[in-house]
Amino acid sequence: MRMTRLRRSDRPAAPGWRPPAWSGATARSLAIAALGISLLGTARAQEPAPAAAPPATSAGAGEWRHGLSLMGQPKYPADFKHFDYVNPDAPKTGLVRQSVDGTFDSLNDIIPRGAAAAGLHLIYDTLMTPAADEVATEYGLIAESVRYPADFSSVTYRLRPEAKWHDGQPITADDVVWSFEQLTKNNPRQAYYYSHVKGAAVTGEREVTFTFDQAGNRELPQIVGQLRVMPKHWWTANGPDGKPRDISQGTLEVPLGSGPYKVKQVQPGRSISFERVPDYWGANLPVNIGSDNFAEQRYEYFRDSTVELEAFKGDQYDFRIETSAKDWATAYNFPAVKDGKVILEEFPNRSSGSMQAFIPNLRREKFQDQRVRRALNLALDFDGMNRTLFFGQYKRTSSYFQNTELASSGLPQGLELEILESVKDKIPASVFTTPYTNPEGWSEGLRRGNLREAANLLKQAGYEVKGGKLVNAKGEPFTMEILISNPAFERVALFYKPSLERLGITVNVRQVDISQYINRLRARDYDMIITGWAQSLSPGNEQRDFWGSSAADREGSGNYAGIKDAGIDALIEKVIYATSREELVAATRALDRVLLAHDYVVPSWNYPNTRTARWNRFSHPDKMPEYGGDSFPNIWWWDAEKAAKTGAAR
């Protein structure tokens, strides 16, 4: 289940992970977000075992609930005042400036085309919203309550009567149905994510019911709760030019919203700012108390990461996530840091795990042989890369759910073994006998041994070296282009290149602009990319998008590698239809183990914390939410005393 850490944590920063496009109200509005680019670090997770899920009161519609938890009961009761991790008395003032890499040309982030401006999530609300101190739990936002039958075959949401758009018109059940129809019609990833919703209909004055094409899928009610609601009356009316608005096209007209902010000013491609709505209808809801504390949020765009870093040093924006180990070690010794005007702080990321990797495109014939893919892994000198490029800060990734309890290890036992046995005829036999390991390369002898083993595997796969070039039986050379858009990855790819060339592989590192990169990924026009997949602590339906056969050839899917495997498909269903936390963990570990056994990717690195730098004008709660990471700027606030000492923003 793609649950984000906090509802409004749209914080574009240096090149790094952004949640996928289906992540509800917290989805990044940059175009690259839809591609699921992963963070250079991963998360650490410790999840308490939830209580047993309460049964529905009958086989019918079920009881009305104020919140939903995937495997247990919500932590907060129906009459809770605010989340435990917020400051309910936080001042509502001040400006926060954030940075974005790239550019934008539209204020419509519903469609996958073009580059939408950052921060648009701030103007919209969703049916439900997650808590940052719980796993896979949502509470009512636009919806005051929710109910579903015991078999999870449908879900009904009842809207709050006070919910309204910024023009004062009420948010209606018809708006919800229309939003669902438009999202699934105009965004392929949204259509895939909601593919098991077979219909949405108004079933009462303030009620809307979604019916599913299957029973037993416990995630579907919460997935629907992540739905962004948009104003039908505004989008179906004429614009200032007298022509009908078209939600399927890009636009720079400021859209109508319902959220805590509205667009204040737009400089296309350069900056966008949002001002807090003084009469926001949901300001006093328990889920909103202590959040959205800034009077204005502004996003400044930078097309070059080096310029972006220098702009931060020059106080051109306030908060930065540092994804470069080199810069974290060397770039923050400027006077403002020494004087205490800039604060460096790391926040543990317990909300997710991830796999970042060099990903070969299995749609290309040369990568379809597992021996070739394993040879590519053997050629990666991670230890040398970590020492030379990353100042020894990283560890090698060895799981698609790295640093969480969902990661496989050792040999399968107990329930995980039972699940693997049930699909024994569809998965590699090695999963029962051989734990997955990455090659070690901490000595020259080990590195040479890895290359010898890689050369042997390539020979077994039908390749040989002639004239210093690796060729197949037809005499065709083995060439490989590593496609990147992020300049920070160039040195990584170039470090990898010489080892591949020692095997006779011709390697070209190709850097393109973000628009071309997005288009090539959509067209699956690449040999290898460097990216990854972020995982929540409750994986589910999104796994089909990541590795499912049905997603391999679908434009815009997260199946970058092009995986088509019956065993993987079967294990994905085991994850989705798990009925207890124990079963979910076991099924996910089984899926992880089989993904690793196929050597689909060359795992790279992970880091357990989020590294941040900020100008010292802000404060945050003493106790941060367990699964919220840095939570900036969601629950932070402007601190006038600190700002006076630091100086006015430039």
Side-chain angles (χ1 to χ4, degrees), residues 1-6 9 16-24 26-28 33-47 70-71 130 132 134-137 189 192-193 218-219 222-223 226 348-357 359 395-409 416 436 531-548 551 557-561 563 568 571-576 578 581 583-596 600-601 603-610 626-629:
M1 182 176 200
R2 295 298 307 135
M3 292 283 293
T4 49
R5 293 172 300 168
L6 273 175
S9 59
W17 175 79
R18 274 109 176 153
W22 57 63
S23 298
T26 52
R28 304 289 194 227
L35 300 173
I37 302 303
S38 71
L39 182 62
L40 299 185
T42 60
R44 179 172 57 212
Q46 295 293 330
E47 180 177 354
L70 186 61
M71 293 292 180
E134 296 177 85
V135 174
T137 302
R189 295 197 78 173
Y192 188 79
Y193 193 51
R218 304 170 68 91
E219 275 196 310
Q222 283 185 255
I223 286 174
Q226 299 168 12
N349 189 348
R350 304 185 184 96
S351 63
S352 63
S354 70
M355 165 63 80
Q356 169 136 335
I359 304 174
K395 292 184 178 180
R396 187 86 191 266
T397 297
S398 59
S399 168
Y400 286 80
F401 303 85
Q402 185 72 30
N403 296 329
T404 76
E405 67 167 338
L406 304 171
S408 61
S409 62
E416 181 192 353
Y436 176 84
T531 184
W533 301 268
Q535 295 282 2
S536 77
L537 298 181
S538 293
N541 289 266
E542 78 288 341
Q543 303 303 305
R544 291 178 179 142
D545 185 71
F546 292 168
W547 350 100
S557 81
N559 192 342
Y560 309 126
I563 297 169
I568 297 295
L571 288 169
I572 290 172
E573 299 307 299
K574 299 284 187 182
V575 171
I576 292 173
R581 182 66 191 176
E583 185 179 351
L584 177 64
V585 171
T588 305
R589 288 175 179 173
L591 173 62
D592 182 41
R593 191 181 300 276
V594 175
L595 285 168
L596 291 168
Y600 287 130
V601 303
S604 55
W605 55 85
N606 69 88
Y607 191 73
N609 297 333
T610 300
E626 186 171 4
Y627 304 112

Got [X] and [Y] here, is their nearest side-chain heavy-atom distance under 4.5 Å?
X	Y	answer
Arg593	Glu416	yes
Arg581	Ser538	yes
Trp533	Ile359	yes
Ser557	Tyr192	no
Gln356	Trp605	yes
Met355	Thr397	yes
Asp545	Tyr193	no
Val585	Glu405	yes

Is a donor on one side and an acceptor on the other found under 3.5 Å between the side chain of [X] and the backbone of [Y]?
X	Y	value
Asp592	Ala407	no
Asn606	Lys395	yes
Arg350	Thr404	no
Gln222	Glu219	no

* **Residue from Leu595, Val594, Leu596 passing side chain to side chain contact (heavy atoms under 4.5 Å, CB included) with Ser408** => Leu596

How many angstroms lie between atom [atom1] of [X] and atom [atom2] of [Y], to the nearest 0.5 angstrom?
X	Y	atom1	atom2	value
Ile568	Arg544	CD1	CZ	14.5 Å
Phe546	Ile572	CZ	CD1	10.0 Å
Ile576	Glu542	CD1	CD	8.0 Å

* May I ask you to check whether Gln535 and Gln543 show a side-chain donor-acceptor distance below 3.5 Å? => yes

Minimum heavy-atom separation for [X] to [Y], with atom names?
X	Y	answer
Pro539	Thr588	CG-OG1, 3.5 Å
Gly548	Asn559	O-ND2, 3.0 Å
Pro348	Asn609	CA-OD1, 3.4 Å
Ser398	Tyr436	O-CD2, 4.2 Å

* Results of salt bridge (Lys or Arg N to Asp or Glu O under 4.0 Å) for Arg589 - residues two or more places apart only -> none

* Under the ring pair (Phe, Tyr, Trp, His ring centres under 6.0 Å) criterion, do Tyr400 and Trp547 qualify, and how do the steps go? -> CA-CA 11 Å; Tyr400 286 80; Trp547 350 100; 5.1 Å; yes

* **side-chain contact (heavy atoms from CB on, under 4.5 Å) assessment of Leu70 paired with Thr137** => CA-CA 6 Å; Leu70 186 61; Thr137 302; over 6 Å; no

